[in-house]
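Here's the structure we're looking at; comments come further down.
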Amino acid sequence: MDNVRKFLKKQSKRRRLVKHRSLYYEPEMPVRDGSKKPLVAVIDDGTKTVRFVIYEAECSEELASYQMDKTEVQPHEGWSEQDPYEIMHHIKLCAENAIDQLTELGYSKDDIITLGITNQRETTIAWDKYTGEPLHPAIAWNDIRTDSTVDAILAKVPDRNKNYLKNICGLPISPYFSALKMRWLKDNVKAVRRASRDKRLLFGTVDSWILWNLTGGPQDGLHVTDVTNASRTLLMNLETLNWDPVLCRLFGIHRDTLAEIRSSSEVYGTVRDGSVLDGISISGILGNQQSALVGQNCLSAGQAKNTYRSGCFLLYNTGTRRVNSTHGLITTIAYKLGPDQPPIYALEGSIAVAGGAMKFLRDNLRLIRDVSQDTEHIAGQVFSTGDVYFVPAFSGLYAPYWRKDARGIICGLTAFTTKNHIIRAGLEAVCFQTRDILEAMNKDCGMPLSKLHVDGKMSSNDLLMQLQADLTGIPVLRAQSWDMSALGVGIVAGHSVGVWSCDKWKHHATHADTFLPTTTDDDRDARYTKWKMAVQRSLGWATTKKSITMTEERYKLLSSIPAALYLIGSFTMLVASSILNEARS
Ligand SMILES: Nc1ncnc2c1ncn2[C@@H]1O[C@H](COP(=O)(O)OP(=O)(O)O)[C@@H](O)[C@H]1O
Ligand SMILES: O=P(O)(O)OC[C@H](O)CO
């Protein structure tokens, strides 16, 4: 695994500068009956963390797991990059540590019979197929550098209609999706252009990068993706489940640079990278939100789940029926459980910032010290937000608005507003955004959702869950474990090798707590109307020319240091020469 070796070398040089926080979770041990069952392992590459989890097949409890934080680099305002080598390095370390835990339980690595991969979607990597070198850092899903690339593409479609391609691929033209990131890489990175010219270029979402490296990299690594990840690129046709020639031409992406699209549940290949995972088959791939849908047991049409993490993603299973949203949602593939199985579709409402708003309040405004410990307590000290509304449109608004020109606002401040109100408004923002999605979903499907299954780390916040029930007026059913993304792909990987059955999983109850609404319709509707007013005020902000960008501001500050040194230097020389002159005369 050459790439990992290179990464480790690079890391040891950087060690003095960058410190990685590793989190070790002691999982609650399931009660053992003495008999050993086959094990299924999962790689979960999220936006902020990499996890490796090991399950006993047919069992929803974790046997072992290990997690590491990732480094996010923001070289400019609105940009968000990750290190593709770091992803592989963390996977390797997490796997080693989780397998060490297994050994303590009397298992060995050989009991792991298969492996699944679940990942942050849309994040895009370009690499050289002969050397395995990434040609640029990974461009993360929430990076908005492609703003002008979007405008250039819109200029090519009738009426600059951002929904023009929805009939083919289910998605609006937005910086969120991978094709824009690929186009940007080709337009702006010399190494990518050169690799494209020399036919050495490979593009991929993170699942493809991981699979390619695990299965041999430059030595015949598999360049494969699954339908759920491919459905997030703007390049896959939702009917044929293949790269669409018209879309590839529109974005200028050559078919040969793209991975082969396969189902979510089949044996793709075997790990051949010399790591601790060597020899294990890989038999499941799902984007992390689709994976949570499976983990939450939403395997029948009409079932939906909402996952609260950095972003928040509500997926509604529409079965084999492909529903085209006319209310701002996207149509995506939920899963395809085998090469010969039909695709199952979902409607999705994507929210770019949910838990991310809490991190903003912690890191930028310094209103909280510890997100998971302080948020609920501080927001719970007031009974309302005091009419404060917080729209966290840091990188525009996703569903159902799809407005890249929106920017964050906090409005309704008075002399009485305290940080407690603002933090509570941050929590309510997540609930209002979810209500925006639910309203759109109910209109698209014609049948209102009567309950909401939830998961994700942020769902451990009881106050947030109660606010969610109060502001949507439906019961909120919280999952037994916050991490349904890893579980979902574990089931799917086990399913394809016959040790974990999706059909049996359908009858498994997954929720642990229920939060019932405690407000009246009038109250929740009045608050929702105010939220809509706040959203209106956030729109159009980024289209007005800024006086100065954050990046320029930093640059000006830096460039002013030499100028100041020059002035001070000149002044000192002037004073010194006049003293000398005086002394001489
Ligand atoms: N108890 C809590 N209350 C409010 N927000 C929380 C709480 N616990 C976690 N969060 C937020 O939820 C998010 C959790 O994200 P995480 O699961 O680490 O996933 P990822 O970054 O991969 O999306 C973070 O942004 C964090 O700020
Ligand atoms: O890693 P998460 O939980 O932030 O998920 C990111 C989504 O997959 C982006 O579409």
Side-chain angles (χ1 to χ4, degrees), residues 21 23 25 43-51 67-72 80 82 87 90 118-124 138-143 171 174-178 181 205-207 228-229 231-233 286-293 295 306-315 330 332 346 348-364 367-380 392 394-395 398-399 423-424 426-431 454-468 478 481-486 488-489:
R21 270 188 303 140
L23 293 176
Y25 287 105
I43 293 169
D44 177 359
D45 174 66
T47 312
K48 299 279 191 311
T49 51
V50 172
R51 296 187 83 216
Q67 168 173 325
M68 289 177 80
D69 284 358
K70 286 162 65 170
T71 319
E72 181 194 12
S80 171
Q82 297 171 20
I87 294 173
H90 281 18
T118 183
N119 58 291
Q120 49 173 326
R121 306 158 310 162
E122 302 94 17
T123 299
T124 303
I139 302 184
W141 58 275
N142 50 359
D143 181 301
L171 312 175
S174 151
Y176 180 25
F177 303 110
S178 310
K181 302 177 201 297
T205 38
V206 182
D207 56 311
T228 64
N229 278 292
S231 75
R232 320 294 301 186
T233 56
L286 282 172
N288 58 8
Q289 301 307 323
Q290 284 87 339
S291 193
L293 188 76
N306 200 15
T307 302
Y308 300 76
R309 290 175 55 154
S310 297
C312 186
F313 302 88
L314 208 166
L315 268 73
I330 62 180
T332 197
E348 174 177 320
S350 333
I351 297 167
V353 180
M358 296 300 124
K359 282 199 176 149
F360 168 84
L361 295 177
R362 183 193 64 190
D363 301 338
N364 299 37
L367 299 186
I368 317 170
R369 264 190 313 128
D370 183 304
V371 171
S372 51
Q373 282 173 24
D374 301 344
T375 315
E376 188 169 346
H377 172 68
I378 300 176
F394 303 141
S395 49
Y398 287 1
I423 294 166
R424 195 174 174 108
L427 292 178
E428 286 200 353
V430 181
C431 307
V454 302
D455 62 278
K457 214 180 271 169
M458 200 186 185
S459 70
S460 59
N461 186 319
D462 286 350
L463 175 61
L464 173 76
M465 295 295 98
Q466 188 55 54
L467 288 170
Q468 187 66 88
R478 182 165 60 189
S481 142
W482 60 264
D483 186 8
M484 289 287 142
S485 303
V489 83

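First listed ligand is number 1; within each ligand, the first listed atom is number 1.
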*Check whether any side-chain N or O of Ser178 sits under 3.5 Å from a backbone N or O of Glu122 as a donor-acceptor pair, and report yes or no.*
yes

*Can you tell me if Thr375 uses its side chain to pair, donor with acceptor, with the backbone of Val371 under 3.5 Å?*
yes

*Judging by distance only, is a nitrogen or oxygen of Gly46 under 3.5 angstrom from one on ligand 1?*
no

*Do any nitrogen or oxygen atoms of Arg309 come within less than 3.5 Å of a nitrogen or oxygen of ligand 1?*
yes

Any idea which protein heavy atom is nearest [atom], and the distance to it?
atom: atom 24 (C) of ligand 1; answer: Lys359 CE, 3.8 Å
atom: atom 3 (N) of ligand 1; answer: Asn461 ND2, 3.0 Å
atom: atom 7 (C) of ligand 1; answer: Val371 CG1, 3.8 Å
atom: atom 16 (P) of ligand 1; answer: Lys457 NZ, 4.0 Å
atom: atom 3 (O) of ligand 2; answer: Arg309 NE, 2.8 Å

Are [X] and [Y] linked by a side-chain donor-acceptor pair shorter than 3.5 Å?
X: Thr49; Y: Asp69; value: no
X: Glu72; Y: Ser80; value: yes
X: Gln120; Y: Gln82; value: yes

On a heavy-atom basis, which atom in [X] and which in [Y] lie closest, and how many Å separate them?
X: Gly380; Y: Leu463; result: N-CD2, 3.8 Å
X: Phe313; Y: Ile351; result: CZ-O, 4.0 Å
X: Arg232; Y: Ile330; result: NH2-CD1, 3.5 Å

Distance under 4.0 Å to a non-hydrogen atom of [X]: what atoms of ligand 1 satisfy this?
X: Thr47; result: 22 (O)
X: Met358; result: 4 (C), 5 (N), 27 (O)
X: Ser460; result: 1 (N)
X: Gly356; result: 25 (O)
X: Lys48; result: 21 (O), 22 (O)

*asked:* Would Tyr176 count as being in polar contact with ligand 2, using the rule that some N or O on each side must be under 3.5 angstrom apart?
replied: yes

*Cationic tip of Arg121 within the cone over Phe177's six-membered ring, i.e. under 6.0 Å and within 45° of the normal?*
no

*Can you check side-chain contact (heavy atoms from CB on, under 4.5 Å) on Gln290 and Ser485, steps first, answer last?*
CA-CA 8 Å; Gln290 284 87 339; Ser485 303; over 6 Å; no

Against heavy atoms of [X], which atoms of ligand 2 measure under 4.0 Å?
X: Asn288; result: 1 (O), 2 (P), 3 (O), 5 (O), 6 (C), 7 (C), 8 (O)
X: Phe313; result: 7 (C), 9 (C), 10 (O)
X: Gln289; result: 3 (O), 5 (O)
X: Thr47; result: 1 (O), 2 (P), 4 (O), 5 (O), 6 (C)
X: Gly46; result: 1 (O)

*Give the intermediate values and the outcome of side chain to side chain donor-acceptor pair (under 3.5 Å) for residues Ser372 and Asp370.*
CA-CA 6 Å; Ser372 51; Asp370 183 304; 3.1 Å; yes

*asked:* Check this for me, if you would: do Arg362 and Asp374 make a salt bridge, where the nitrogen-to-carboxylate-oxygen distance has to be below 4.0 angstrom?
replied: no

*asked:* Tell me the contacting part of Glu122 for ligand 2: side chain, backbone, both, or neither, using a 4.0 Å heavy-atom threshold, strictly below.
replied: side chain

*Of the backbone atoms (N, CA, C, O) and the side-chain heavy atoms from C-beta on, which set of Arg121 has a member under 4.0 Å from an atom of ligand 2: side chain, backbone, both, or neither?*
both

*With respect to Asp207, which candidate in Asn288, Val489, Asn229, Thr123 satisfies the side chain to side chain contact (heavy atoms under 4.5 Å, CB included) definition?*
Asn229

*Rounded to the nearest 0.5 Å, how far does OG of Ser395 lie from CH2 of Trp141?*
7.0 Å

*Among Ser459, Gly456, Ser310, Cys312, whose heavy atom sits nearest atom 23 (O) of ligand 1?*
Ser310

*Check each of Ala357, Gly355, Ala354 against atom 25 (O) of ligand 1 and report the one with the nearest heavy atom.*
Gly355

*Check if Glu376 has a non-hydrogen atom at a distance under 4.0 Å from any atom of ligand 1.*
no

